[in-house]
Amino acid sequence: MYKIVRKKSLNPTVTLMDIEAPLVAKKAKAGQFIILRVDGDGERIPLTVAGCDQEKGTVTIIFQIVGATTEKLNHKNEGESIEDFVGPLGMPTEIEGLKKVCVIGGGVGCAIALPVARALHEQGAEVTAIAGFRNKDLVILEDEFKACSDRFIMMTDDGSYGEKGTVTVPLKELLEKGERFDEVIAIGPLIMMKFVCLTTKEYGQKTVVSMNPIMIDGTGMCGGCRLSVGGETKFACVDGPDFDGHLVDFDEAMSRARSYAPFERHAYEEACNLFQKEVR
Amino acid sequence: MPNMRATKNPMPAQAPDVRNHNFDEVTLGYTAEMAVDEAQRCLHCKNMPCVSGCPVNIQIPDFVKKVAEGDFEGAYQVISLSSSLPAVCGRVCPQESQCEGKCVRGIKGEPVGIGRLERFVADYHNANCTEAPQAPEKNGHKVAVIGSGPAGLTCAGDLAKMGYDVTVYEALHLAGGVLVYGIPEFRLPKAIVQKEVDNLKALGVKVETDMVIGRILTIEELKAEYGYEAIFIGTGAGLPRFMNIPGENLKGVYSANEFLTRSNLMKAYRADSATPIQRARRVAVVGGGNVAMDAARTAKRLGAEEVYIVYRRGMAELPARKEEVEHAEEEGIIFKTLCNPVEILPADVSDPRDPAYGWVSGIRCVEMELGEPDESGRRRPVVKEGSEFELPMDCVIMALGTSPNPLLKKTTPGLETRRRGEIVADESGLTSIEGVYAGGDAVTGAATVILAMGAGKTAAAAMDAYIKGKNA
């Protein structure tokens, strides 16, 4: 069992938890993920690590309530425990030697982009951060991003906060002006990462994305997380989760991500009924 | 005077058209009367060919004699001198190519049902002997076992009985390895595996789940920081192979590992499971081994109308246990042998926004014929020219075999492996690193439970000798 030592709601649909897992905290690096089960009958879900505190022995996870498991997880309180917490899994984001980077986060993906930006900042890289959200109510981690970036651009789809538009708008402007980065690192919804890659490809700008497909074991055993990368099949859990975004087949990844959509919807509705909560 | 009937006592089983709708165990086991009668068929040959066919040399005629005398617990004690998982092996060993394959009674009829007797004896013991094993006095030495499948469980059990302080590290949330994630409930009830794990715990073995060694802790750390004097790697062969044909990443294509893990480990066959699994109408399972049979029979039980085994060689070449093939046939699995998929066909929808986009709609296959024997001694399948045809399918499961997981190799400097990632180990199980032993599928590539168990036993003895030698 793994104790929840801190719980904080970042916005109505996104929650932060610090989980007591000292051995994971000691090893986990930016870009790696964990797999958790909320209870003994629970499914295994992967979540990318949002931060670690080695002294306290805790690992931070930030999750969006999108289905039955995240709904159940969100109903756990500080002091309670979750059944399983396995990690760190996957390869860390490669940041060594990077001097000028554009880190792009979309929605809850900002929670994962943040530790990458922070690690880059700490190694002295010049960090441009672009954070995109649907609207002002969903904005998370703004101050944290500002603290570790040299330039910070806030975007909302409806213009209710920051600039109006998607993250690709300022990205394209920068690239059009002739700015180049050692890497663009994009973490967010598949559709966002797809369009970031389409944008950067035009300019020959190297781009790395963090994939988060359906997984079971997270150790290379099931192959459920496989992706086509440059025409080759890769397992996100052991070969990734980071990949060269210009090589990833996003249409296939988006299709595979919806493999169980009706089941997931049904399970989510059941979980909402259980907690007598309105289905979103 | 031995019972000279030419045939085995048939195994009581659920009727095929009943069992292919449920996940309860297929075979029900011998009654005491059947077991005694079957045991009386043994001729007690002086040279004991059956024993030479057993990878762990169970003294088969001795235990069979005890059964014939009605001393079932005595029979169990004989088996347990050589095997630590008889309830498992009695169910999943390929007896026809091992002990029973060598049985003299098999020349003019059916061999003695040694596997069925082993299962009977183990089940008798589990049902009637409620005493948990006693933890022996500790000898003060720490050892670690990585992986809790048949190799790891056996190694841990043997070392614990010798007095070692044993910790088993398991990557998944449940101990048992392939016995819990791979082999279905209807062939090996999970309560049996749990009982074996509980017995280990009663012996004082610590089982640490959720521990992916190589990530959370390295082998070096286990030795240097945690003070384990010897380490056994029994991490199995969990990496699934695919065919590398077009369409393999379509929705509805699974590795057998994924399909079975969803059903077995995550209990997706139950209506109340939190883990989804596709319940398809027409399913093709590609491959001819035990895993292919397990996947096909699971798909049938999940409600599929038509389930095909697609295998590139013939019926005679199927590597699965004979009983599994027979059970699959009885349950209505359709065997498309001498047949090989060359492409998995997508549904006829090209718009990524359409929910039907990206699903399987069928497979394109070629017919095969058998040519000259290849390096494995089996006749090589050759494509028949112009024989392409299509079969409509909404689910395809790849059961083509597995390789050892490369994670430990990647994170353990100095650990030598072979071409497909098999860990290099000598006869005692010693790897290229001092104090680190390995056995089971991690060394041999995908093989059987009994061979893994045997390797676990051998390594346990070698680890004991190594530690004693070092401290002498």
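Every heavy atom of this structure was used, including side-chain atoms; hydrogens, water molecules and symmetry mates were not. Chain letters run A, B, ... following the sequence lines, proteins first and then strands; every chain starts at 1.
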In terms of heavy-atom pairs under 4.5 Å with chain B, which of [options] leads?
options                      : answer
A:K26, A:K72, A:E43, A:Q32   : A:E43
A:I216, A:V24, A:L227        : A:I216
A:R37, A:E264, A:E252, A:E83 : A:R37
A:T219, A:I35, A:D41         : A:T219
A:S259, A:A271, A:A68        : A:S259

Can you check whether [Y]'s main-chain N or O pairs, donor with acceptor, with [X]'s side chain at less than 3.5 Å?
X      : Y      : value
B:K251 : A:S255 : yes
A:D84  : B:D210 : no
A:R256 : B:N249 : yes
A:K27  : B:I216 : yes

Report the distance from atom [atom1] of [X] to atom [atom2] of [Y], rounding to the nearest 0.5 Å.
X      : Y      : atom1 : atom2 : value
A:C222 : B:Y181 : SG    : OH    : 11.0 Å
A:I214 : B:E258 : CD1   : CD    : 8.0 Å
A:Y260 : B:T275 : OH    : OG1   : 9.5 Å
A:M221 : B:S255 : CE    : OG    : 8.0 Å
B:Y357 : A:R258 : OH    : CZ    : 9.5 Å

With a 6.0 Å cut-off (strictly less than), is the heavy-atom count around [atom1] of [X], excluding the residue itself, greater than 12?
X      : atom1 : result
B:E225 : CD    : yes
A:E78  : CD    : yes
B:K267 : NZ    : yes
A:K3   : NZ    : no
B:D348 : CG    : no
A:H75  : NE2   : yes

Sub-4.5 Å heavy-atom contacts with chain B: which residues of residues 232-249 of chain A show up? A:T233, A:F235, A:V238
Heavy-atom pairs under 4.5 Å with chain A: which of [options] has the most?
options                        : value
B:G252, B:P240, B:A268         : B:P240
B:L260, B:L174, B:N257, B:L250 : B:N257
B:G238, B:P276, B:A256, B:A171 : B:P276
B:M211, B:E248, B:K410, B:R262 : B:R262

Let me see the working for B:H173 and A:L36 under side chain to side chain contact (heavy atoms under 4.5 Å, CB included), right down to the final yes or no. CA-CA 10 Å; B:H173 56 262; A:L36 64 79; over 6 Å; no
Check: A:D217 and B:T261 side chains under 4.5 Å, non-hydrogen atoms: no
Please flag which part of A:F250 lies under 4.5 Å from any non-hydrogen atom of chain B: side chain, backbone, both or neither. neither
Taking side chain as everything from C-beta outward and backbone as N, CA, C, O, which of these in B:S273 sits under 4.5 Å from a heavy atom of chain A? Side chain, backbone, both or neither. backbone
Honestly, the part of B:F259 sitting under 4.5 Å from a heavy atom of chain A is neither
Are A:R44 and B:L172 close enough, and set up right, to give a side chain to side chain contact (heavy atoms under 4.5 Å, CB included), and what steps lead you there? CA-CA 10 Å; A:R44 297 169 65 99; B:L172 293 171; 3.9 Å; yes
